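Every chain is numbered from 1, with letters handed out A, B, ... down the list of sequences. Keep in mind that what you see is a predicted model, and the values were worked out from it rather than measured.
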Amino acid sequence: MRTYRFKYTKGEELKLLGYLDMMVAFQRAIKRAKLPIAFSNGFNPHQLLTFASPLSLGYTSEGEYGDLRLKEELAAEEVKERLGAQLPDGMELLRVTAIGDEAKNTMASLVAARYRVTLPKTIAAEGFGAVLERFWAQKEILADKKTKKGMVQTNIKPLIFSLQDATKENKAAMEMVLAMGSVQSLRADAVVASLCEFCGVPFGPYDASYHRIDLYQQGQAGFVPLDEEVPLP
Amino acid sequence: MKLAIPDQVLLQMEKPARYIGRETNMVKKDPKDVDIRFAFCFPDVYEVGMSCLAVQILYFFLNRREDTYCERAFAPWVDLEQYMVKEKIPCFTLETQSSLKDFDFVGFTLQYELCYTNLINMLEMSGISAWASERTEDDPIILCGGSCAYNPEPLAEFVDVFYLGEGEVLYDQMLDRYKEYKKMGKTKAEYLESLLDWDGLYIPKYYDVTYHEDGTIQSFTPNHPKARPILKKVIVKDMDQVFYPEKQLVPLMDVIHNRVTLELFRGCIRGCRFCQAGFVYRPVREKKVDTLLRQAKSLVDTSGHEEISLISLATSDFTCFSDLADGLLNEFSKDAVSLSLPSLRIDAFSLDLMQRIQEVRKSSLTFAAEAGTQRLRNVINKNLTEEMILNGCKLAFDGGWNKVKLYFMLGLPTETEEDLKGIGALADKIVDQYFEIPKEERPRPVTVTASASCFVPKPFTPFQWDAQETYESFGEKAKIAKHSVTRKQVRFTYHNTKMSSLEGVMARGDRKVAKLLYRAWELGCRYDSWSDLFLWDKWEQAFAETGLTIAFYANRVRPYDEILPWDHISVGVSRRFLMEEREKALRAECTPNCREHCSNCGAKSFGGGVCFENVSV
């Protein structure tokens, strides 16, 4: 038995594919690749395959992660090659690492995510850097947050670890690292909604384009990608 | 590949993955590199169409030709359709997101009658006139095939060519000639005329119809010297030699059936008198077990699916079923691939098999009893007795099953109140059967679901002359059946009666029905087989405005000497045989199945299949 951590992308081609469908596509790719995947015990055995975090419909990503467990040990490179060849167009396997059994799974390790968001056209590219600075300089950044009690205005500033201007080609854009994990999480579109309100422009859920750059765990000196500083076999 | 619809729009639609293509095993070609572009259309939503075996077979069959790129198009769901109409975006294919208008051929597979308005909608959305007479040389050739093409007349004014029979037979020669004609600079009209060389292709414009004053057909005559007075369907003789895809398209989203399908045989030996498929697909032609095992392995390997479904009209009738089941179980049980066996007759053998393939999960058992009494089952030649049903249930209950589904039809010819009450009686007896198990051995409560559909007389069946009940009468009959149930463990449901009436009109309609269809489409009808989208008031308006009636098409007995709209088509089963079967039905006499005794239906003329299985001297 051996567990492998894999990092993959979800490109433009598949941004309209839901998270559950993506998981099924992975399961089928594993079967086609004929990897000796291990199954859970129980009445309805399922593949031992887990993913770090759902990616919202419409988002693209170059830093998604999951773990899979094989019944027999294969070279990580072979797993990458065989599985990579079977993934649908638009999903690319970037890296596969064999990890130790004591490693926490991706979901449990996750603490933050880095995004790049290209903002709605209503936010001008010119002077956006200064706008973003003023936005960040607010004492509290208020956003609607869904809680068990319904929508509540909360201060999301503590959940934003970094926020930078990433404007390119005359399109206002920003890059940010947000809390994400079992303890605390912030959705990228919540920041965009708050920014829109700050700028006095309407927020539409489909106006911005969202791209996830990476998922992080707590490393020895700050955040590191989920497949770095992992216990090896 | 850029999508035809902007992302922001698709994100607001239900299930945007319906429109993106890119499925596993999708064929990629550059349209510039091929001579022929073929849009294969399914006039319903993606997840329905992608569960259709015809789509899988013909997609790969056509794409095996280097000179042809077959792409798929489905009806956009109503949310996106509304946007597309507003923005004037044409109906598009998934592969290259091209408008249907950009294709040489636009082919529809017709699997049920209530999809006809979707066909009109898909053409009109694409800027292609639905009326064949209004189309020009710049428009694609509109083709239709599938089981509903056997009565093509309701769509005759819309379609250029109806393909009668199995796709593997004629497409190659049709496409070869198309390429040849295109290179020679010939016109579409010349091409269509050249198709008169072959049987199996019905081109409506070469036939004229006149009507009596009462609306019945006076004459149906070819208007071209080469047009055949009778067109005979074409079928594959040798199912082991014919093309079958080694891989199937694997949708990225959930569809109706998430599995690969293995076709065991075509046709059916039974001859149930209400069943159109049982006549139009004759004779039975089987594949060999070796062929099937090879095909199954390849399909599972290339799909990653966890389920393989054995498809045919009556799976238990496969002659080497036991060998096949053993072979498949040996091959796949270790890989967690399960078998799905629709249309299985319930007996000791099949229950044992089901025990083996679904060790833990006990799904429900299904019996297509069709009628509530033995007399009526004899009328329809359904050779299933109450004893067989109760024995099957007993075995199943002993084996741990506790859910039974029963299918019935309301309004079968000769039906009486006693037959309707028999529905409840049979369901109750099954519950009684369950309670014969000692109380301590009953794991869970028993449930019996009795579902009734409304009988629709279909062309090429012995009941093609018979009257269908009106929807009002279906409703009353459903009430009688419902009230005949006394046990609380039995749930009774029945099908939308108005939809069944409309299906009755389409199934046996003539060319005049085209204006009804078109008017209904103009009034907003489409997706008529979806009860929540079915607009009965619009259909009523369309009937009133076009002067057509349900009564004329559905609710009257047609005399034997009336010209039926599909009389120029032959499925190989003779009219004489159907008449004899109808007379036997009225006497409640059964006809043996094809393997017991050949009844000379006429299908032997195809020169293959079950008709030649036991040729004894």
Could you measure the distance from the [atom1] atom of [X] to the [atom2] atom of [Y]? Nearest 0.5 Å is fine.
| X | Y | atom1 | atom2 | value |
| --- | --- | --- | --- | --- |
| A:Tyr59 | B:Leu11 | OH | CG | 10.5 Å |
| A:Lys15 | B:Leu3 | NZ | CG | 9.0 Å |
| B:Met253 | A:Leu17 | CE | CG | 9.5 Å |
| A:Gln27 | B:His305 | CD | NE2 | 12.0 Å |

Is it the case that over 12 heavy atoms from other parts of the model lie below 6.0 angstrom from the [atom1] atom of [X]?
| X | atom1 | answer |
| --- | --- | --- |
| B:Lys405 | NZ | no |
| B:Glu87 | CD | yes |
| A:Glu169 | CD | no |
| A:Arg187 | CZ | no |
| B:Glu246 | CD | no |
| A:Gln153 | CD | yes |
| B:Asp30 | CG | yes |

Side chain from CB out, backbone as N, CA, C, O: work out which of these in [X] comes under 4.5 Å of a heavy atom of chain A, or both, or neither.
| X | result |
| --- | --- |
| B:Lys247 | neither |
| B:Thr302 | backbone |
| B:Val250 | side chain |

(request) Among B:Glu23, B:Met13, B:Gln8, single out the residue with the greatest number of heavy-atom pairs under 4.5 Å to chain A. (result) B:Gln8
(request) For each of A:Val24, A:Leu20, A:Leu57, tally heavy-atom pairs with chain B at distances under 4.5 Å, and name the one with the top tally. (result) A:Leu57
(message) Give the interface residues of residues 65-89 of chain A toward chain B, defined by a heavy-atom separation under 4.5 Å.
(response) A:Pro88, A:Asp89
(message) Quick check: do B:Ile20 and A:Glu13 have side-chain heavy atoms less than 4.5 Å from each other?
(response) no
(message) Within the 4.5 Å heavy-atom criterion, are B:Leu252 and A:Asp21 side-chain neighbours or not?
(response) no
(request) Look at B:Asp301 together with A:Arg32 and state whether they make a salt bridge at an N to O cut-off of under 4.0 Å. (result) no
